[in-house]
Structures are given as structure tokens and as C-alpha cells.
Amino acid sequence: MIIYSAITPFWCKAIQIGLLLAVTGIASAQTTKEDDRPVVDESKQVVKQAIDPKLPSFFIVGDSTARSDAPMRGWADEIAPYFDLSKINVINRAIGGRSSRTYIQEGRWEKVLGEMKAGDFLLVQFGHNDVGPVDARGKFRGSLRSTGEDTEIINKPDGSIEIVHSYGWYLKKYIHDARAKGISIIIATPVPHKDWVNDFAEHRKLASTVANETQVALIDVTAITGKTYDVLGKEKVDTLFSDQRTHTNIAGARINAESVVAGIKGLSASGLNNYLSLKAGLISPLPE
């Protein structure tokens, strides 16, 4: 198992050029007064299928920070060019407004699991909507802040009862289900907010604990992008977001995508790095 929790200064310098190129010439969208995190209606979304079902596929499961509509842009919307699409399908199944809890509770995970086959790859990234309350105050999407078996019973507006589990419990379910089907899984920590310092510290620790317990790879995207933001500085980082602090524009999405690719390139045991494109060759891997 490989866990990435920081970047060395050497790596920062190696990737800085590529990241700055991604920012240069890309106009940022106007920022809005408040962040909007609606639960996206999937019926209005274009669901892309595998280009060649016979090839292995790389599935991405997450929230709006991985998949968004203009002027916002999710990192997984920008990651396909870093893969050789003649060898692997890149399938973004992230959707706005979901948490590790609601993606499962809505039956969405079961549907994606049914699409996958042995030999495929999966990256799971949640956190932005897990941090809120578990009840109506958090749109019934928060998860308990632990990795244990603790639960909380809540009453839903429709009269139903839901047993809410921990963030770690939900991550372990993704891992268990994927492994049972012969799918290689990577857990990624959330992309950072515009005010990135010490962002998602608790959920990064929880994800790391789960990765250690289950012996799966973890890419600490929060730290990788955060270190890049340190290099770029606040003024430049401000141009990478479409709203107050949460959702990136195209430039910001590309930076987060390159952070994920850098982590993937260091995962020698996963095999996913064997499907990267020449464009990904411009990005230095994190040291193992």
C-alpha cells in the first residue's frame, strides 16, 4: 500500500511548470456570493458509456468537485486526456451533491458496481458533503466522523428511518464490494477549498486509517493540491474557482486532475499507471 500525504520540494518544482501552463491563458469564471451545493438531478445529466467495453475501465465515483457543469468544472471531467483511451475507458460517475453515504443509500453505488468487471479500476473520493450534519440541516447526507461501527438512527421527512454509518464504514463498503468483484480500488481525499490550509484534516486522517486497515492505496489529493497552492500563492489560487471557495473552473480542475495523475503514477502496484498517456509523462510521480 502507498499513502501520499505530502509533496517534497523537488516534486513541487518538477510539476510546477506543468501546473502553471494549465493556469496560463484560461480565464476564470466570475465568483458567486455563496457556494451552491445542490443535489444534482441525474436525469438531466449526460451519462457516458465505455467507448470499448472489451477494454478495462477506470471508474471515478465522487461529488461535484469531480464532476460539474459550466462555469464550474470537476477534476474528473479533465482527466481523460492523461490516459491512453485506446487501452482503457475513463468513466466519470461522480455526481453533484452526494456523499459517501448518499451515493450508496440512493442505490447509485450498486448500479455502478454492476457496470464494472474484474480487472477494472475504481477511484472513490468523497468528503465535501460528508462533513455536514446527518439530518435535515445537512440535507441528510452527512456521515459520522469515525471509522468504526457506530451508527445514528434518523427519521426522514417521508416517515422512513435511516441508519447512518461512519465515513470510514462507507469507504470500507466501497473497498469490500470492489475487491469482491476483482476491481482495483484507490481512495482519494477531497480536493481542497480555496482557503486550503489545514483543509479536511479530520477526513484525511479517517481515510488514511481506512487505507491502512484495508491495505488499499490512498492518494492524499488534499495535500498534493494544497502544496501546489502554496507554490502558486493566494492571488493565483483565487482565479481557479468558480464560486466562493468550493468549485473549481477549468484551470483549477486541471490542477486537481494533475494531482490525481501524480499520485497514480506513484502507484506501481496498482497497474493503473500502465494506461497513462504521453501527456501524463509531463507530470512527475510522487516518490514512493
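Computed from heavy atoms alone, side chains included, the values below leave out hydrogens, waters and symmetry copies.
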Inset, instruction - Taking all non-hydrogen atoms of both residues into account, name the closest pair between Pro285 and Gly266 and its distance. - result: CB-N, 4.0 Å
Inset, instruction - Can you see which heavy atom on Thr239 is nearest to which on Lys236, and at what distance? - result: OG1-O, 2.6 Å
Legend entry - Option from Val260, Ile187, Ile185 for which side-chain contact (heavy atoms from CB on, under 4.5 Å) with Leu123 holds: Val260
Inset, instruction - May I ask you to decide whether Asp77 forms a salt bridge with Arg67, counting only side-chain N to carboxylate O separations under 4.0 Å? - result: no
Inset, instruction - Check the surroundings of atom CD in Glu110: do more than 12 heavy atoms from other residues, nucleotides or ligands lie under 6.0 Å from it? - result: no
Inset, instruction - Could you check whether the rings of Trp169 and His165 sit parallel, tilted or perpendicular, using 30° and 60° as the cut-offs? - result: parallel
Inset, instruction - Show your reasoning for whether side chain to side chain contact (heavy atoms under 4.5 Å, CB included) applies to Asp243 and Met72. - result: CA-CA 8 Å; Asp243 55 17; Met72 301 182 296; 4.1 Å; yes
Legend entry - Check ion pair Asp130-Arg101 (N to O, under 4.0 angstrom): no
Inset, instruction - Check the pair Ser99 / Asn129 against side-chain hydrogen bond (donor to acceptor under 3.5 Å, both in side chains), numbers first and verdict last. - result: CA-CA 5 Å; Ser99 64; Asn129 298 313; over 6 Å; no
Inset, instruction - Determine whether the side chains of Ser242 and Asn249 contain a donor N or O and an acceptor N or O closer than 3.5 Å. - result: no
Inset, instruction - Using the rule that two of Ile, Leu, Val, Met, Phe, Trp, Tyr join whenever any of their side-chain heavy atoms come within less than 4.5 Å, decide whether Val237 and Val197 are in one cluster. - result: yes
Inset, instruction - May I ask you to check whether Tyr103 and Trp109 place their ring centres under 6.0 Å from each other? - result: no
Legend entry - Ser259 side-chain N/O to Ile255 backbone N/O, donor-acceptor pair under 3.5 Å: yes
Legend entry - Check: Phe241 ring centroid to His193 ring centroid under 6.0 Å: no
Inset, instruction - Examine distances only and state if a side-chain atom of Thr151 and a backbone atom of Ile163 form a donor-acceptor pair shorter than 3.5 Å. - result: no
Legend entry - Heavy-atom check, side chain of Val216 versus side chain of Tyr174, under 4.5 Å: no
Inset, instruction - Mind listing the closest non-hydrogen atom pair of Asn92 and Ala76 along with its distance? - result: ND2-CB, 3.4 Å
Inset, instruction - In sequence, state the C-alpha distance, the side-chain angles, and the governing distance for Met116 and Phe59, and then conclude on side chain to side chain contact (heavy atoms under 4.5 Å, CB included). - result: CA-CA 8 Å; Met116 294 189 287; Phe59 284 83; 3.3 Å; yes
Inset, instruction - Could you label the plane-to-plane angle of the Phe58 and Phe83 rings as parallel, tilted or perpendicular, counting under 30° as parallel and over 60° as perpendicular? - result: tilted
Legend entry - Any donor-acceptor pair under 3.5 Å from Tyr275 side chain to Ser57 backbone: no
Inset, instruction - Report yes or no: does Arg98 contribute a side-chain atom to a donor-acceptor pair with the main-chain N or O of Gly62 at less than 3.5 Å? - result: no
Inset, instruction - Examine distances only and state if a side-chain atom of Lys265 and a backbone atom of Leu276 form a donor-acceptor pair shorter than 3.5 Å. - result: no
Legend entry - Check against side-chain hydrogen bond (donor to acceptor under 3.5 Å, both in side chains), Trp75 and Gln125: CA-CA 11 Å; Trp75 66 263; Gln125 182 190 64; 2.7 Å; yes
Inset, instruction - Please determine, by modelled atom types, if His247 and Ser64 share a side-chain donor-acceptor pair under 3.5 angstrom. - result: yes
Inset, instruction - Cation-pi check, Lys279 to Tyr82: give yes when NZ or CZ is under 6.0 Å from the six-membered ring centre and within 45° of the ring axis, no otherwise. - result: yes
Legend entry - Over all atoms of both residues, closest heavy-atom pair of Ala178 and Leu122: CB-CD2, 4.1 Å
Inset, instruction - Examine distances only and state if a side-chain atom of His128 and a backbone atom of Val191 form a donor-acceptor pair shorter than 3.5 Å. - result: yes
Legend entry - Thr189 side chain vs Thr222 backbone, donor-acceptor pair below 3.5 Å: yes
Legend entry - N/O donor-acceptor pair under 3.5 Å between Asn212 side chain and Ser208 backbone: yes
Legend entry - Inter-residue atom distance Ile79.CD1 - Ile60.CD1, 0.5 Å rounding: 5.0 Å
Inset, instruction - State whether a side-chain donor-acceptor pair under 3.5 Å links Asn256 with Thr225. - result: yes
Inset, instruction - Without swapping roles, check the side chain of Thr209 against the backbone of Lys205 for a donor-acceptor pair under 3.5 Å. - result: yes
Legend entry - Ion pair Asp158/Lys156, N-O distance below 4.0 Å: no
Inset, instruction - Looking only at non-hydrogen atoms, find the nearest pair between Pro190 and Gly127 and report the distance. - result: CG-CA, 3.8 Å
Inset, instruction - Given side chain to side chain contact (heavy atoms under 4.5 Å, CB included), test Ile88 with Phe121 step by step and report yes or no. - result: CA-CA 10 Å; Ile88 192 168; Phe121 301 87; 4.1 Å; yes
Inset, instruction - Indicate yes or no: does Asp238 engage Lys234 in a salt bridge with an N to O separation below 4.0 Å. - result: yes
Legend entry - Path from Leu55 to Val112 over hydrophobic side-chain contacts below 4.5 Å: no
Inset, instruction - Check the pair Asp177 / Lys181 against side chain to side chain contact (heavy atoms under 4.5 Å, CB included), numbers first and verdict last. - result: CA-CA 7 Å; Asp177 291 350; Lys181 201 165 181 177; over 6 Å; no
Legend entry - Any donor-acceptor N/O pair, Thr102 side chain to Arg141 backbone, under 3.5 Å: no
